[in-house]
2 protein chains.
Amino acid sequence: MKLQQLHYIVEVLHNNLNVSKTAEHLYTSQPGISKQIRMLEDELGLEIFARSGKHLSHVTAVGEQIIGLAQEILSKTQAIKAVAAEHTHPQQGNLTIATTHTQARYTLPKVIAPFIQRYPEVSLHMHQGSPTQISEAAAQGQADFAIATEALHLYQSLVMLPCYHWNRSLLVQPGHPLAQVNKVTIEELGQFPLVTYVHGFTGRSELDNAFNNAKITPKIVFTATDADVIKTYVRMGLGVGVLASMAYEPEKDTDLVAIPAGHLFAASTTKIGFRRSTFLRAYMYDFIEGFAPHLSRSKVEQAMAMQRQEDIDALFSHMQLPTL
Amino acid sequence: MKLQQLHYIVEVLHNNLNVSKTAEHLYTSQPGISKQIRMLEDELGLEIFARSGKHLSHVTAVGEQIIGLAQEILSKTQAIKAVAAEHTHPQQGNLTIATTHTQARYTLPKVIAPFIQRYPEVSLHMHQGSPTQISEAAAQGQADFAIATEALHLYQSLVMLPCYHWNRSLLVQPGHPLAQVNKVTIEELGQFPLVTYVHGFTGRSELDNAFNNAKITPKIVFTATDADVIKTYVRMGLGVGVLASMAYEPEKDTDLVAIPAGHLFAASTTKIGFRRSTFLRAYMYDFIEGFAPHLSRSKVEQAMAMQRQEDIDALFSHMQLPTL
DNA sequence: AGTCGTTACGATGCCCGTAAGGATA
DNA sequence: TATCCTTACGGGCATCGTAACGACT
């Protein structure tokens with residue numbers, strides 16, 4: 001058994017059982033991978049991948065167990081490398097953040113600016129995607145951190161730490177009827193066509209919940225994955241924008257009116273997630289604390305030591321989180 | 001980084017930093033190990049072992065972290081092999097039990113007999129040693145199970161499950177004054193010379209506690225690591241034997257009188273311990289359940305999923321354990 | 001017909017073991 | 001002086017990449 005063989009079976013799984021694609025991604029030859037997998041299977045005396053003819057059709061039951069263990073092994077080899085790098089070059093390294101448009105555009109810039117100032121030798125990579133893609137990237141080790149409001153909880157291998165609460169604002173053109181109302185009700189809002197996020201993005205589920213609870217079917221005429229697109233269509237008069245408050249920029253959005261709507265919806269919580277088994281570099285702790293000041297290194301370590309997400313949630317349930 | 005390199009650094013640590021000894025144990029050449037370690041250090045850019053001249057003097061701080069991770073990696077490779085073996089040859093395998101004389105001689109035989117009947121193809125290895133040696137053997141992966149009353153708690157990587165409670169009996173020659181007493185008190189016992197276990201063996205600590213609490217200094221004239229030796233000296237009239245009740249065999253020890261002493265000492269609990277990270281074969285679950293019927297497979301799995309020993313203790317604190 | 005995994009083969013390079021060297025206790 | 005790690009060197013073997021083959025969609 002060799003580390004490379006374990007690496008191969010994991011990567012083949014992540015490439016939809018396509019060995020040729022895997023070979024490309026790993027910059028090696030396809031027969032090499034095939035042979036190593038075959039040798040591992042021979043050594044263990046079983047099939048990890050089931051073949052139908054000359055195609056890998058699916059992963060066997062034992063194969064899944066083995067690949068699971070292989071992933072843990074590989075992530076620990078990464079930890080060894082990280083420990084070594086931390087010791088030899090504490091200021092150098094990589095930081096890969098997978099996040100949504102909302103975070104990348106509105107909350108992360110003011111965190112990243114001081115970070116690259118402080119750690120010029122850390123090369124920063126940002127991946128943007130849907131909450132599901134982001135979570136998967138973190139779970140598979142492609143990203144160090146996933147920052148999102150949704151979907152993170154679907155991956156059990158991730159530690160999720162709450163960063164801040166936020167709520168929504170309504171965005172309308174000047175002169176819109178709602179701009180005159182003192183405190184908008186959910187019923188009033190339900191009478192206008194709405195422009196908001198698509199399902200599974202940026203706390204969209206809380207919007208649906210609020211309307212469901214009020215037994216109102218909202219007239220959602222347009223959905224987008226990011227606030228900039230929503231604003232564009234609000235400017236076109238398509239409807240009332242319902243978006244995260246931090247996406248409203250008073251200086252730039254002078255042609256639009258923001259109406260507080262925090263009383264209409266339950267607050268959402270943005271979380272940062274990472275694999276439990278990873279070794280966090282010092283600069284990673286610094287990044288987390290820069291993003292969410294209450295997540296000091298010791299608090300994060302405390303949370304990482306916990307196995308169950310419920311324990312982690314309990315740890316932070318007493319704390320006052322920032323609200324944006 | 002290769003698995004073999006990780007194996008080498010772990011083994012060198014377990015051999016007191018003596019590379020030559022390590023090479024013998026691993027049936028390979030000494031320069032081979034030296035070179036691989038050196039190559040790993042070069043790859044990581046740091047020293048795992050500090051050298052003074054041409055001797056390995058100690059493990060560096062980073063080295064300890066890395067070796068710790070290496071051990072976890074290696075134990076997971078063992079898990080992969082175990083998963084494979086379980087799938088291909090469910091009835092075959094090894095079972096190595098490290099235990100004390102007391103368990104090996106008096107409690108294990110009636111468990112092992114049916115076990116080898118049930119699993120004739122599992123080759124069984126028993127290692128006998130002091131509680132500390134036993135625990136270390138399990139912690140290092142040399143033994144699958146450690147069964148003992150003492151010292152197990154010193155190793156944090158071990159999961160410990162309580163098997164049964166037991167207490168002590170006094171053993172005297174017929175006609176001894178204590179044989180006439182109705183219910184022996186600790187004061188009465190303190191007046192006679194005692195023969196019992198040495199420190200750190202078979203619940204010896206509870207004996208000391210009882211005398212300490214009574215503010216009595218017992219006259220311990222002879223200590224041994226096993227009950228057979230204790231009995232021998234009781235037969236010679238050296239003193240009153242204080243030993244685990246299960247070590248008194250009515251059929252064989254007809255020339256001695258056993259006096260219940262459970263009311264004098266706090267009960268001890270014999271535990272079975274194994275590394276949290278190991279994959280347990282089906283026959284291993286069967287062995288555990290054979291030894292302690294309340295430790296069903298599901299209960300064991302439940303306990304293994306817990307990270308903290310306190311949680312495990314809590315799990316079993318509600319249960320009625322067998323008493324020998 | 002195209003995609004894909006397996007087999008075959010030759011060359012590179014790694015790893016092991018023996019032998020000799022130098023440092024320490 | 002004995003033990004012990006390091007360096008040097010040669011043989012063997014595993015691995016990799018190219019090329020050809022066979023099978024499934």
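Please read all numbers here as calculations on a predicted model, not as lab measurements. Quick note on labels: first sequence line is chain A, next is B, and so on, each numbered from 1.
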Given dT6(D), dT24(C), dT6(C), the nucleotide with the shortest approach to the side chain of Arg38(A): dT6(C)
Nearest-angstrom distance from the residue atom CG of Leu3(A) to P of dC14(C): 17 Å
OP1 or OP2 of dG5(C) under 4.0 Å from side-chain N/O of Asn18(A): yes
Cation-aromatic face contact Arg297(A)/Tyr285(A), 6.0 Å, 45 degrees: yes
Parallel, tilted or perpendicular, as decided by the 30° and 60° cut-offs, for the rings of Phe145(B) and Phe287(B): parallel
Met1(B) CE to dC14(C) P, straight-line distance once rounded to whole Å: 17 Å
Residue met sooner reading DNA chain D from 5', once Ser52(A) and Lys21(B) are mapped to nucleotides: Lys21(B)
Any Arg51(B) side-chain nitrogen or oxygen under 4.0 Å from OP1 or OP2 of dT6(D): yes
Selected nucleotide, minimal atom distance to Gln36(A) side chain, candidates dT6(C), dC24(D), dT15(D): dT15(D)
Ile33(A) CD1 - dG17(D) P separation (whole Å): 9 Å
Contact check, side chains of Leu74(B) and His7(B), non-hydrogen atoms, under 4.5 Å: yes
Rounded interatomic separation in angstrom, taking CE from Met39(A) and C1' from dC13(D): 11 Å
Min side-chain heavy-atom separation Arg276(B)-Leu158(B) under 4.5 Å: no
Ser34(B) vs dT6(D): side-chain N/O to OP1/OP2 distance below 4.0 Å: yes
pair His127(B)-Thr96(B): side-chain heavy atoms closer than 4.5 Å: yes
Heavy-atom check, side chain of Asp144(A) versus side chain of Phe274(A), under 4.5 Å: no
Length of the line joining Leu56(B):CG and dA23(C):P, which is rounded to integer Å: 17 Å
Atom-pair distance (NE2 on His55(A); P on dA23(D)), nearest Å: 12 Å
Side-chain heavy atoms of Lys21(A) within contact of Asn16(A), under 4.5 Å: no
Distance in angstrom units between Leu40(A) CG and dA14(D) C1', rounded: 15 Å
Whole angstrom value for the distance that separates C1' of dT6(D) from OH of Tyr8(B): 16 Å
Would you tabulate the pairs of protein nitrogen or oxygen atoms and nucleotide nitrogen or oxygen atoms of nucleotides 17-22 of chain C closer than 3.5 angstrom?
| unit_1 | atom_1 | unit_2 | atom_2 | d |
| --- | --- | --- | --- | --- |
| dG17(C) | OP2 | Thr28(B) | OG1 | 2.5 |
| dG17(C) | OP2 | Ser29(B) | N | 3.1 |
| dG17(C) | OP2 | Ser29(B) | OG | 3.4 |

Sugar-phosphate only, base, or nothing, as touched by Leu17(B) at under 4.0 Å among non-hydrogen atoms: sugar-phosphate
